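All heavy atoms count here, side chains included; hydrogens, waters and symmetry mates do not. Source: prediction; values computed, not measured.
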Amino acid sequence: MLELKNIHIQYHAKECITHGHFIAYPYQITSIIGESGTGKSSLLYLIGMLSNQSCDYYYNDELLAYDDKQKREFRYQNISFISQNNQLINNISVEKNIEFYLQQSSCSFTVDELLEKVNLKDKKKAMPANLSGGEKQRAAIACALAKDSNIILGDEITSALDEDNTNIIMHILKKCASLGKIVIIVSHENNIIDQCDRVYCIDHLKLQLQKDSQAIQNNIVTSKIKTSPLKTFQLLFNPSIRQIIIAFIVMLCFFLSASIIRGAYSTSIAESYSIDDVSMNKILVLNNTSGKYDIDNYAYAIHYVDYQLPLSDDVLNQIDSIDHIASIYDYYTFSYSMEKPNGNPNYMDIQVIHDNQIVEEREYQDQYSEINGVITYDDVYFHIIPYYPEDNFGEDGIYINSNMAYYYHIEVGDTLQMNVNVPYAMAQTTSINEDGTSYESADCFGEQMHYEGECLGIIESNSTFECDVYLPYETMMNMINETVEKYHNGKIKIDESAFEGYSTIIELQPYAKVVYADKNENVLQIQNDINQIENTVAYNEYSSVLQLKEANDDMIHEAILYALLTVSVFIAGTIIIMYFYLRKYQSIYMTLNLIGYNHKDKHKIYFYQYLSFMMIIILLSIFIYISGSLPEIYSYISHINYNSIYFSMPETYLIYNLYCNFSSFHIVVFVILSFIVLGIVHIVVLKHYDKKDIIKYLRGK
C-alpha cells in the first residue's frame with residue numbers, strides 16, 4: 001500500500017493542494033483527475049519521489065523520510081514511469097530499451113514475451129523515432145513491465161491516442177494491476193476514469209476520493225539485481241558510424257592543434273642566441289666586394305669565414321688610422337672542407353674519448369651517403385674558430401659550443417682527437433653575383449694536421465646547426481705558419497693545371513681582421529668608421545647577436561600567439577561539436593536519473609563512454625601516424641635512402657606528411673589535448689544533466 005498524508009503542493013507559487021490525503025493499493029488502478037493546472041501531474045511526481053513538495057510518505061505502512069540519495073534508490077527499486085512524452089531511450093532500438101530495463105530487475109519475461117504483451121513484436125528492431133505515438137506508449141509500458149516495479153506511474157499516457165490504442169494500453173495496465181502492482185495514472189478522459197478502481201479528484205485545493213473499490217491489502221515486494229555498469233554501457237552506447245565520424249572530426253581538430261603547437265615549438269628552438277659568451281668590444285672586419293654581408297638588411301652570426309678575398313693594404317692602412325682601437329689581429333678559420341692540392345676537398349674529422357672509450361656521434365640525417373643502397377651518415381660539419389686573449393676564455397686549450405657538445409656527445413674533460421684543415425695558400429676566382437655583377441673570391445688550400453687536447457669548456461651556441469671548436473689564436477697561427485713554411489719549401493705542391501682557366505693561385509693572406517675597441521662605448525663609432533671604407537664591413541658579434549636574439553624572441557612570440565589563437569579556435573570548435581554530439585544522448589542521461597540508477601555506477605558508465613570515444617580517436621590517430629610515416633617505415637625496411645623515398649612521393653602526400661608525420665612531441669601534445677579537452681566537455685555535460693530538472697524533462701520542457 002502507498003499512502004501520502006499532509007500533502008501540500010504549490011505550482012509556480014500557486015497553491016494546488018492543501019492538507020491532502022492519498023492512498024493507492026496493489027491490484028488496483030488509481031486515477032487522479034481534475035481541471036488543467038490543479039496539480040495532477042505535480043501530485044504524481046510527488047508520489048514518484050521526484051519533487052520536494054511537502055507530505056508524509058508511507059510505503060507498506062512505513063514512513064519514508066528520505067534524502068535525495070535515498071529517493072533515487074527508492075525510485076530504482078520500486079517505481080516505473082510512463083509519461084505522455086514516453087521514457088524511451090532514443091539512441092537504441094525498442095529491443096535494447098527493454099533489455100536495459102530487464103537488466104535492472106529479476107523479471108522472468110523475455111524481450112519477445114514483453115513485446116508480444118504490448119503487440120509490438122514486429123517493431124523489435126525499430127528505433128523509437130520510427131514509432132507512432134501509440135506504439136511509443138506501448139513500448140514504454142513494456143519497459144515498465146521489464147523493470148518489474150511495484151509502482152507504475154502514468155501521466156496522460158492516452159491523451160494523444162486513438163480509441164484502439166487507448167483500449168490496448170488500458171488492457172495492459174489492468175494486467176499489471178492483476179500482478180499486484182500499484183498503478184496510478186493521471187487522466188481527464190471519462191472512458192479511462194470509468195475503468196479505474198479508485199479515483200481522486202483535485203478541486204479547490206482539496207484532494208477528494210470520488211470512487212473507491214474493495215482493496216486487497218497484500219503487499220507485493222519485487223527484487224532488483226545489480227548489473228555491471230560495463231554491461232549497461234555496452235547496451236546503451238553502441239558504436240555507430242556517426243560516432244566514428246564525430247571522433248574523426250574531433251581527432252582531426254586535435255591532430256592539427258598538435259601539429260600547430262609542434263610547429264610553434266620548432267620555431268621557438270629553430271635558432272637560439274645568447275650573449276653570455278660574446279665579447280662586447282670585439283669587431284670582425286671583412287672584405288665585402290661580393291655584397292654578401294649587407295648589414296642594413298640582414299642580421300647574422302658570423303663564426304667562420306670562407307671564400308673571402310683578403311683585405312687590401314689600403315683598407316688595412318685606413319683601419320690603422322681609426323681612433324680608439326686597442327688591438328688588431330689576423331683572423332683565420334679552419335673550415336670543415338678545404339681544397340687539396342689537386343682540387344678535391346679535404347674534410348676534417350674528430351674522435352671523442354671519454355673514460356678511455358670512443359664516443360659515437362649522433363646520426364645527422366641531413367648529411368648522408370648511399371653506397372649500393374646502404375645509407376651511411378657523414379660527420380656533422382664543424383669549424384675551428386680562434387679566440388684571443390681579450391676574449392677571457394680562461395686557460396688556453398680547446399673549447400666547443402653547445403651544438404658541438406650535443407652532436408658529438410662531448411663533455412668537459414673529454415679528449416678530442418682532430419684532423420683539422422690548416423690553410424697555406426689561396427685560389428682566387430672571379431664569381432658572379434645574382435644581379436650579374438662580378439666579384440673576386442678566394443678559397444683556401446688546407447693541409448691536414450692532427451691536433452689533440454682536452455675539452456676545457458662549452459660555449460653557448462648562437463645557432464641551432466653551427467658546430468664550432470675554439471682554439472687559441474696563437475696555437476692556430478703556429479699551425480698556419482708551419483703549413484705555409486712547408487708550402488714555401490716545396491713539401492706541399494699544388495697542381496696548378498687542375499685550376500687553370502678559372503682560378504689563380506695566390507699567397508695566403510688574412511681574409512679578415514679582428515679589432516678590439518679600447519672601451520665598450522667606442523665600439524659603435526669604430527664600427528661606423530670601418531663601414532665607411534669601400535667594400536668593407538665591420539661586424540660586432542655582440543650587437544648582431546642581440547639583434548638576432550630580439551628578432552628571434554619576436555618570432556617566437558608571434559609563433560606562440562598564432563599557435564594559441566589557432567589551437568583555441570580548433571578546441572572551441574571541438575567543444576561545440578562534442579557538446580551537440582553528447583546532447584544526442586540526453587535521453588540516456590535523463591533516463592538514468594529518472595529511474596534512480598546508482599550514482600557511482602552511472603558515472604562509471606559515463607567514464608566508459610569517455611574512454612571508448614578516446615579509444616576510437618587513438619585508433620584513428622594511429623592509422624594517420626602510420627600512413628604519415630610510410631617513407632620512414634619503407635626506408636627502414638628496404639635500407640633505401642629516406643630522402644629519395646620522401647621526394648618521390650606525390651605533392652599531396654608531402655603536404656599530408658607535413659601534418660601527420662610521427663613525432664614523439666606531436667603525439668604527447670595530441671594525447672594530452674584529447675584527454676583534457678574531452679574530459680572537461682564530458683564532465684561539464686554530465687554535470688549539466690545531473691542538475692537538469694527531471695520534472696521539466698517529463699513535461700517535455
Side-chain angles (χ1 to χ4, degrees), residues 1-11 16-17 19-26 28-32 39-87 101 104-105 140 143-157 176 180-186 198 200 202 207 219-224 226 589-602 689-701:
M1 183 181 75
L2 180 68
E3 183 176 10
L4 276 69
K5 299 178 180 178
N6 299 317
I7 300 170
H8 292 274
I9 292 178
Q10 284 186 327
Y11 185 63
C16 295
I17 300 174
H19 303 292
H21 185 204
F22 177 89
I23 299 176
Y25 295 99
Q28 288 188 347
I29 298 177
T30 301
S31 175
I32 303 170
K40 302 186 298 297
S41 295
S42 296
L43 175 58
L44 194 72
Y45 299 144
L46 180 62
I47 295 167
M49 285 201 171
L50 290 174
S51 79
N52 291 318
Q53 302 280 0
S54 175
C55 78
D56 299 323
Y57 198 115
Y58 292 84
Y59 181 63
N60 291 341
D61 298 321
E62 179 185 353
L63 176 63
L64 307 181
Y66 285 166
D67 59 21
D68 288 341
K69 181 180 178 180
Q70 291 170 319
K71 286 180 179 180
R72 282 199 306 269
E73 179 65 20
F74 185 82
R75 288 202 307 273
Y76 183 71
Q77 294 289 339
N78 298 285
I79 299 175
S80 292
F81 291 89
I82 311 167
S83 78
Q84 55 193 355
N85 297 305
N86 73 77
Q87 258 50 70
Y101 285 100
Q104 320 307 319
S105 74
C143 291
L145 291 173
K147 191 167 185 280
D148 196 26
S149 301
N150 297 327
I151 304 167
I152 298 175
L153 305 180
D155 186 11
E156 301 281 8
I157 59 178
C176 291
K181 310 293 184 187
I182 297 174
V183 180
I184 304 170
I185 62 173
V186 169
R198 291 173 66 82
Y200 280 92
I202 303 174
L207 182 61
N219 293 321
I220 306 290
V221 178
T222 58
S223 61
K224 301 294 178 188
K226 185 173 177 61
Y589 305 140
M590 295 308 297
T591 297
L592 291 174
N593 291 344
L594 175 66
I595 68 172
Y597 196 85
N598 181 273
H599 206 60
K600 187 180 292 185
D601 289 344
K602 180 177 64 176
Y689 285 118
D690 276 346
K691 294 180 179 179
K692 194 174 177 68
D693 192 323
I694 299 175
I695 293 176
K696 287 184 178 180
Y697 175 70
L698 288 173
R699 294 180 185 274
K701 296 180 180 179

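- The distance from atom CD1 of I79 to atom CD1 of I151, rounded to the nearest 0.5 Å, is 5.0 Å.
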Quiz prompt | Check against side chain to side chain contact (heavy atoms under 4.5 Å, CB included), L50 and L698 | solution = CA-CA 10 Å; L50 290 174; L698 288 173; 3.4 Å; yes

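- With a 4.5 Å cut-off on side-chain heavy atoms, I184 and L2 count as touching.
- Side-chain contact annotation: Y697 with N593, donor-acceptor N/O pair under 3.5 Å absent.
- Ring centers of F74 and Y59: under 6.0 Å apart, within the cut-off.
- The minimum heavy-atom distance between T30 and Y25, with the atom names listed, is OG1-N, 4.4 Å.
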Self-check item: H599/D690 under side chain to side chain contact (heavy atoms under 4.5 Å, CB included): CA gap, chis, key distance, verdict
Solution: CA-CA 10 Å; H599 206 60; D690 276 346; 4.1 Å; yes

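- For the pair E73/R75, no side-chain contact is recorded, criterion being any heavy-atom separation below 4.5 Å from C-beta on.
- Ring geometry for Y689 versus Y589: interplanar angle of 30 to 60°, hence tilted.
- You'll find the side chain of N6 stays beyond 4.5 Å of the side chain of C55, heavy atoms only.
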Quiz item: Taking it one step at a time, do D61 and M1 satisfy side chain to side chain contact (heavy atoms under 4.5 Å, CB included)?
Solution: CA-CA 7 Å; D61 298 321; M1 183 181 75; 3.2 Å; yes

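- F22 has its side chain within reach of L207: a pair of non-hydrogen atoms, C-beta onward, lies under 4.5 Å apart.
- In this structure, L46 and L4 have side chains that are in contact, with non-hydrogen atoms separated by less than 4.5 Å.
- Within the 4.5 Å cutoff, the side chain of L153 has no heavy atoms near those of the V186 side chain.
- Between I7 and Q53, the closest side-chain pair of non-hydrogen atoms is not below 4.5 Å.
- With rounding to the nearest 0.5 Å, the separation of OG in S51 from CD1 in I694 is 11.0 Å.
- Taking the six-membered ring for Trp and thresholds of 30 and 60 degrees, Y597 and Y76 have ring planes more than 60 degrees apart, a perpendicular arrangement.
- Across all their heavy atoms, K147 and I595 have their closest contact at CE-CB, 3.9 Å.
- Side-chain contact between I23 and R198 is present, with at least one heavy-atom pair separated by less than 4.5 Å.
- One finds the CE atom of M49 at 13.0 Å from the CZ atom of R72 (value rounded to the nearest 0.5 Å).
- A distance of 10.5 Å separates CD in Q77 from CD in Q104, rounded to the nearest 0.5 Å.
- Salt bridge status for K181 with D148: present, with a side-chain N to carboxylate O gap under 4.0 Å.
- For the atom pair I182 CD1 and S80 OG, the distance stands at 12.0 Å (nearest 0.5 Å).
- For the residue pair N78/S149, the side-chain donor-acceptor check at 3.5 Å is not satisfied.
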